[in-house]
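Below is one structure, written out as structure tokens; comments come after it.
The structure presented is a predicted model; accordingly, all values stated were derived computationally and were not measured. Residue numbers begin at 1 in each chain, while the letters A, B, ... track the order of the sequences.
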There are 2 protein chains.
Amino acid sequence: MSVALEEARAAAARGEVPVGAALVDPAGQVVAQDGNRTRELNDPSAHAEMLVIRAACRQSGSERLTGHSLYVTLEPCAMCAAVVAAARIARVYYAASDPKSGGVEHGARVFIHPQSHHQPEVYHGMAEVEAAALLTDFFRQRR
Amino acid sequence: MSVALEEARAAAARGEVPVGAALVDPAGQVVAQDGNRTRELNDPSAHAEMLVIRAACRQSGSERLTGHSLYVTLEPCAMCAAVVAAARIARVYYAASDPKSGGVEHGARVFIHPQSHHQPEVYHGMAEVEAAALLTDFFRQRR
């Protein structure tokens, strides 16, 4: 999660919503890390989670990341939760909850429906205060 | 929808699940068209809808596609529904329903939750028989 927090801080420094993610392979190696880049890339799908999943799939030459773990500083939205399921990621660790846009424990709750072809293990709350403070500070400065 | 169906047929010819999409700007021009490329690109997010949304955003230099219409041959999954909402697409037209993986009228029902920051108008059923037949034929040949 410390790598994901670093990426969230780097995103804030680029003027992007400060969310960061890291993808860890079954051997425990970080295989991809990135932060939000929706503004930089003019891409509404360029959330941190999506970017690390695409990067790891490209590197491994596979659509699936079986046995991998995703660390992200904020609860994934419905889009990111669904791509986690599509990639068959084994475990998701997220720091802060996101009542406004989350799609795991809020709203669409993507993983609980039979249409989700895979249900990862989900853990949350680690580094929650730090991850949430990054977001609060970012939006306070913008107002 | 005929452009989307063409793209679905082209996807089948490439060995991809035959789903196609077209994005139409407020003036009625097709600004992006594509079919599934998850296998070709080793990208679990490379659904037809995601590819046309990313292409149109790249071309327009914006994360948002206000006033645009998306035509797609199959009910979008939760991932694609969420990126439609993120891009503020005005209208979604889909041909066949997808009880197995859909995220609009099935499962996550992404647009009905307050966490979806935008609710497009949704229309479905046009060219349903043709779009569904493409999928049925594709999976029958694979078995």
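- With sequence neighbours excluded, the residues satisfying side-chain hydrogen bond (donor to acceptor under 3.5 Å, both in side chains) with Arg37(B) are Asp34(B), Glu40(B).
- Ranked by non-hydrogen atom pairs under 4.5 Å with chain A, the options Pro99(B), Ser60(B), Gly61(B), Cys77(B) are led by Gly61(B).
- Side chains of Ser101(A) and Gln115(B): no donor on one and acceptor on the other come within 3.5 Å.
- Under the 4.5 Å side-chain heavy-atom criterion for Ile, Leu, Val, Met, Phe, Trp and Tyr, Tyr94(A) and Phe111(A) are members of the same hydrophobic cluster.
- Linking ILVMFWY side-chain heavy atoms closer than 4.5 Å, directly or via other members, places Leu51(A) and Leu23(A) in two distinct hydrophobic clusters.
- Per-residue heavy-atom pair counts under 4.5 Å with chain B were compared for Ala86(A), Ala78(A), Ala46(A), and the maximum is reached by Ala78(A).
- Connection of Leu41(A) to Val52(A) is not established within any shared hydrophobic cluster, with ILVMFWY side chains joined at heavy-atom distances below 4.5 Å, either directly or through further cluster members.
- Atom CZ of Arg64(A) has 12 or fewer neighbouring heavy atoms from other residues, nucleotides or ligands inside a 6.0 Å radius.
- In this structure, the separation between CZ on Arg39(A) and OG on Ser62(B) is 12.0 Å, given to the nearest 0.5 Å.
- Of all the heavy atoms in Arg54(B) and Asp43(A), the pair that sits closest is NE-OD2, 2.9 Å.
- Taken together through direct or relayed side-chain contacts under 4.5 Å among Ile, Leu, Val, Met, Phe, Trp and Tyr, Val3(A) and Val72(A) form parts of separate hydrophobic clusters.
- Here Ser45(B) is the residue among Ser45(B), Ala87(B), Ala82(B) with the most heavy-atom pairs under 4.5 Å with chain A.
- Scanning both residues, Met79(A) and Met50(B), for their nearest heavy atoms gives SD-CE, 4.1 Å.
- Evaluation of the ring pair (Phe, Tyr, Trp, His ring centres under 6.0 Å) test over residues 62-83 of chain A, restricted to residues two or more places apart or in two chains, returns Tyr71(A)-Tyr93(A).
- When heavy atoms are compared at a cutoff of 4.5 Å, Arg58(A) approaches chain B solely by way of its backbone atoms N, CA, C and O.
- A heavy-atom distance below 4.5 Å is found between the side chains of Ile53(A) and Pro44(B).
- Going from atom NE2 of His106(B) over to atom NE2 of His113(A) covers 12.5 Å, rounded to the nearest 0.5 Å.
- Side-chain heavy atoms closer than 4.5 Å link hydrophobic residues (I, L, V, M, F, W, Y) into clusters, and following such links, even through other members, never connects Val24(B) to Leu70(B).
- No other option in Asn42(A), Val83(A), Thr38(A) has as many heavy-atom pairs under 4.5 Å with chain B as Asn42(A).
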